[in-house]
Every structure is written in structure tokens, then in C-alpha cells.
Amino acid sequence: LGGQVDAVPTTGRVGGGSSPMRELPSWALALPGPADAVAAALRAGVPPVIGRIVDDRVLLDVRTVPPAGDDQLLELVADALDRAGAW
């Protein structure tokens, strides 16, 4: 994806059960472009990709992406960045 996508440290939440507020260290892909347009393009993909916007960049936490899904995620991100005009 070129030099426009950064890997940044982040934290994620466990989510539920007995530790809903527990945070885990993780890494995220920080995507360029107008964040709202990029997030919308990601959600419109098949399958949809859901990220979060921080400091006008879309962050995709990769903690739960299995290695076998890396190539598909990269294709979906590249397609969304292209459709959002973020290149």
C-alpha cells in the first residue's frame, strides 16, 4: 500500500464478559485520506471492514485479523482508498 499507510500502536478493548473495560495493547493500520470517505468505502466493501476514526485517520486494529486474512484485508483497504480518492 505504499508509504501512505502507517502502523501505529493502539489499544483495544476485550469487549464483554467479566472484563468489558480491560484494554489490550495492539497495532493498527492508520489510513490516509478524508477519514469519513475512507470509512464509508470500507463499510461498503464485501465483506465490510469496520475501523475507527482518530485524529482524522481511519484506524484498523489488526489484533483480531488472522494471518490468513492479511491479503484480503490489504485488497479491501486498497480498493476503499481508491474509491475514496485517498491515494
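Keep in mind that this is a model prediction, so the values were computed, not measured.
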If you look only at pairs with a residue in residues 56-65, which of them pass as a side chain to side chain donor-acceptor pair (under 3.5 Å), with sequence neighbours excluded? Asp6-Arg57, Ser26-Asp61
Within the 4.5 Å heavy-atom criterion, are Val58 and Leu60 side-chain neighbours or not? yes
Would you say that Asp79 contacts Val77 through its side chain, given a criterion of any heavy-atom pair below 4.5 Å between the two side chains? no
Mind listing the side-chain donor-acceptor pairs of residues 36-54 below 3.5 Å, one per line with the distance, residues two or more places apart or on another chain?
{"unit_1": "Arg52", "atom_1": "NH2", "unit_2": "Thr10", "atom_2": "OG1", "d": "2.4"}

Considering non-hydrogen atoms only, spot the tightest contact between Ala86 and Gly33 and give its length. CB-CA, 3.6 Å
Can you tell me which residue pairs pass the side chain to side chain donor-acceptor pair (under 3.5 Å) test with a partner in residues 68-78, sequence neighbours excluded? none
Leu29 and Val62: side-chain contact (heavy atoms from CB on, under 4.5 Å), yes or no, with the steps? CA-CA 7 Å; Leu29 298 177; Val62 294; 4.1 Å; yes
Using the rule that Ile, Leu, Val, Met, Phe, Trp and Tyr join whenever any side-chain heavy atoms are under 4.5 Å apart, tell me whether Val65 and Leu31 fall into a single cluster. yes
